[in-house]
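Numbers here are sequence positions counted from 1. What you are looking at is a predicted structure, and each value in this text was computed from that prediction instead of being measured.
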Amino acid sequence: RHRIMVIMKSSGGLQLAFRIYKRSHHSVGIIGAPFSKGQPRDGVEKGPDLIRAAGLVKKLKAQGCAVKDYGNVTFEEVANDEPIGNVKRPRAVGSANQRLSAAVHAVKNDGHTCVMLGGDHSLAIGSIQGHAAAKKDLSVVWVDAHADINTPLTSPTGNIHGQPMAYLIHELQSKIPVLPNFSWIKPCVSAKDIVYIGLRDVDPEEHHILKLLGIKVYSMTEVDRLGIAKVMEETCDYIFSKVKKPIHLSYDIDALDPSISPATGTPVVGGLTYREGIYITEHICQTGLLSAVDMVEVNPKRGRTEDEISSTVSAAVDLIRGCFGKLREGNHPADYKMPLP
């Protein structure tokens, strides 16, 4: 949405008149992925319906978006899902992501910006894979307290929600062992097309991988040093330096400080403020290239009180709204006049 300012003279003195002459139109396709087996804590599968119950669709429509809710992907129960080496529940995670990938691909083929509501962050495998299948080359902006780039061989826990990027990056394919239900995954992202924002809990092996591949990282130290506006300016300069590719924004709610979003599985103190978190979405929206969004790791069972759960869910809704043009100065009427003092 854009505004022109016209200064008019009247008997009552000067007036500023703002006329909105263009309202940006967003077509949003929502998919729920109630899946929790990429990590050990149950409850995160309730995230999608909680975010919907907080009024996501109604609020997006109120800000001018066309919205289609595709409902939740259904996931099959996998029996005898024994670990493969250190990797826990690979069959369930591989199968779930294959279904999600097909669902995301369908939403993109329908012409929408896809919003995937998780579920845990292992779901980024299917979300990014399905997006790439529809749009080919992508840029990925990963907003998270964690890098989630451990390989199956470096992961200290074996939980796949700490590994999704490793399965998607071309440069890491030689490090990925054969896993059941993972053969469908094809690397679809280059290291040079990834930017991390908000990192503050990175395993030593992950730090080595990030350095080795030359991946662009803005840890919380950089956010503090530069300010979020400069971080986003540099992020966009970096990912648009050659070809402008569609953006996949993968947003873990634990990127925000636990004072704002405590109801999540692996909270880490010292995170993004509410304002910084929203600014990221606003800035990416303004590029006009946002093509898909993940909102993951909202877990009501990790909230100690109803207020903690509500705060976390509300933050998730607001972050998604920021992706589609919700401005914090409010919604301006078509004509707004303000007398000068």
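Pairing each heavy atom of T287 with each of I284, the nearest pair is OG1-O, 2.6 Å. L100 approaches S127 most closely through the heavy-atom pair CD2-N, 3.9 Å. Between I176 and A166 the shortest heavy-atom distance is CD1-O, 3.6 Å. Between R200 and D254 the shortest heavy-atom distance is NH2-O, 2.7 Å. Annotation for G119 and L123: closest pair CA-CD1, 3.5 Å, computed over non-hydrogen atoms. In terms of heavy atoms, A66 sits closest to H25 at CB-CE1, 3.8 Å.
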Inset, instruction - Determine, stepwise, if the pair I125 / F182 fulfils side-chain contact (heavy atoms from CB on, under 4.5 Å). - result: CA-CA 10 Å; I125 297 169; F182 273 70; 4.3 Å; yes
Inset, instruction - Report the C-alpha distance between V317 and M295 in whole Å, list the side-chain angles of each, state the deciding distance to 0.1 Å, and finish with yes or no for side-chain contact (heavy atoms from CB on, under 4.5 Å). - result: CA-CA 9 Å; V317 170; M295 182 55 61; over 6 Å; no
Inset, instruction - Apply the test side-chain hydrogen bond (donor to acceptor under 3.5 Å, both in side chains) to residues D144 and H121: give CA-CA distance (whole Å), side-chain angles for both, the deciding distance (0.1 Å), then the verdict. - result: CA-CA 10 Å; D144 199 328; H121 218 163; 3.1 Å; yes
Inset, instruction - List the steps, then state whether side-chain contact (heavy atoms from CB on, under 4.5 Å) holds for Y251 with C323. - result: CA-CA 11 Å; Y251 214 124; C323 291; 5.9 Å; no
Inset, instruction - Report the C-alpha separation of L272 and D257 in whole Å, then their side-chain angles, then the decisive distance to 0.1 Å, and conclude whether the side-chain contact (heavy atoms from CB on, under 4.5 Å) test is met. - result: CA-CA 5 Å; L272 296 166; D257 191 77; over 6 Å; no
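The environment of NE2 in H207 is sparse: at most 12 heavy-atom neighbours from other residues, nucleotides or ligands sit within 6.0 Å. Sparse packing is recorded around NZ of K135, with 12 or fewer heavy atoms of other residues, nucleotides or ligands lying under 6.0 Å away.
Clustering ILVMFWY residues whenever any of their side-chain heavy atoms sit less than 4.5 angstrom apart, transitively, puts I30 in a cluster other than the one holding V107. V231 and V202 are assigned to two separate hydrophobic clusters, defined by single-linkage of ILVMFWY side chains at heavy-atom distances under 4.5 Å. Both F240 and V143 belong to a common hydrophobic cluster when Ile, Leu, Val, Met, Phe, Trp and Tyr are linked at side-chain heavy-atom distances under 4.5 angstrom. Residues V296 and V195 are members of separate hydrophobic clusters, defined by side-chain heavy-atom contacts under 4.5 angstrom among Ile, Leu, Val, Met, Phe, Trp and Tyr. Under the 4.5 Å side-chain contact rule for hydrophobic residues, I185 and L153 do not share a cluster.
Checking side-chain atoms of S261 against main-chain N and O of T312 turns up no donor-acceptor pair under 3.5 Å. At least one donor-acceptor pair under 3.5 Å links the side chain of S314 to the backbone N or O of S310. Using a distance-only test at 3.5 Å, with no hydrogens or angles considered, a donor-acceptor pair links the side chain of Y196 to the main chain of A147. In this structure, D201 contributes its side chain and A145 its backbone to no donor-acceptor pair below 3.5 Å. Using a distance-only test at 3.5 Å, with no hydrogens or angles considered, a donor-acceptor pair links the side chain of Q63 to the main chain of F324. Remark: side-chain polar atoms of S311 are not paired, donor with acceptor, to backbone N or O of D307 under 3.5 angstrom. At least one donor-acceptor pair closer than 3.5 Å links the side chain of K108 to the backbone N or O of S291. Checking side-chain atoms of Y238 against main-chain N and O of K192 turns up a donor-acceptor pair under 3.5 Å. In this structure, the side chain of D120 engages the main chain of S122 through a donor-acceptor pair within 3.5 Å. Side chain of E308 to backbone of R304: a donor-acceptor contact under 3.5 angstrom is found.
To the nearest 0.5 angstrom, R91 atom CZ is 5.0 Å from D81 atom CG. Between the OG atom of S190 and the CG atom of L138 there is a distance of 10.0 Å, given to the nearest 0.5 Å. Taken from OG1 in T151 to CE in M165, the straight-line distance is 13.5 Å, to the nearest 0.5 Å. The line from CG of D148 to CG of D203 is 9.5 Å long, rounded to the nearest 0.5 Å. Expressed to the nearest 0.5 Å, how far NZ of K186 lies from CG of L168 amounts to 12.5 Å. Summarising the geometry, atom CZ belonging to R321 is positioned 12.5 Å from atom SG belonging to C285; distances are rounded to the nearest 0.5 Å.
Looking only at side-chain heavy atoms (C-beta outward), I239 and L289 stay at 4.5 Å or farther from each other. With a 4.5 Å cut-off on side-chain heavy atoms, P152 and N86 do not count as touching. In this structure the side chain of W142 reaches within 4.5 angstrom of the side chain of I128, judged on heavy atoms. In this structure, D42 and K301 have side chains that are in contact, with non-hydrogen atoms separated by less than 4.5 Å. Between L199 and L210, some side-chain heavy-atom pair lies under the 4.5 Å cut-off. Under the 4.5 Å side-chain criterion, counting only non-hydrogen atoms from C-beta, N97 is not in contact with Q129. Using a 4.5 Å heavy-atom threshold, the side chains of T281 and K326 count as separate. Taking the side chain as every heavy atom from C-beta outward, E276 and Y279 never approach each other to under 4.5 Å.
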Acceptor/donor pairs from residues 211-219 side chains to any protein atom, 3.5 angstrom cut, sequence neighbours excluded:
| residue | atom | partner | partner atom | Å |
| --- | --- | --- | --- | --- |
| Y218 | OH | E234 | OE1 | 2.8 |
| S219 | OG | T221 | N | 3.3 |
| S219 | OG | E222 | OE1 | 2.5 |

Please tabulate, for the side chains in residues 44-57, all donor-acceptor contacts under 3.5 angstrom to protein atoms that are two or more places apart in sequence or on a different chain.
| residue | atom | partner | partner atom | Å |
| --- | --- | --- | --- | --- |
| E45 | OE1 | G43 | N | 2.9 |
| E45 | OE2 | G43 | N | 3.3 |
| D49 | OD1 | R52 | NH1 | 2.9 |
| D49 | OD1 | N72 | ND2 | 3.3 |
| R52 | NE | D69 | OD1 | 3.4 |
| R52 | NE | D69 | OD2 | 2.7 |
| R52 | NH1 | N72 | OD1 | 2.7 |
| R52 | NH2 | D69 | OD1 | 3.1 |
| R52 | NH2 | G71 | O | 3.2 |
| R52 | NH2 | N72 | OD1 | 3.1 |

Donor-acceptor pairs are to be reported for all side-chain atoms of residues 157-164 against protein atoms at under 3.5 Å, with residues two or more places apart or in another chain.
| residue | atom | partner | partner atom | Å |
| --- | --- | --- | --- | --- |
| T157 | OG1 | N159 | N | 3.1 |
| T157 | OG1 | N159 | ND2 | 3.3 |
| H161 | ND1 | E297 | OE2 | 3.0 |
| Q163 | OE1 | Y167 | OH | 2.7 |
| Q163 | NE2 | N159 | O | 3.3 |

Donor-acceptor contacts, no H, no angles, side chain residues 110-118, under 3.5 Å, sequence neighbours left out:
| residue | atom | partner | partner atom | Å |
| --- | --- | --- | --- | --- |
| D110 | OD2 | Y70 | OH | 2.6 |
| H112 | ND1 | S27 | OG | 2.7 |
| H112 | NE2 | Y70 | OH | 3.2 |

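Checked against ring pair (Phe, Tyr, Trp, His ring centres under 6.0 Å), H105 has no partners two or more places apart in sequence or in another chain. With sequence neighbours left out, H248 forms a ring pair (Phe, Tyr, Trp, His ring centres under 6.0 Å) with H131.
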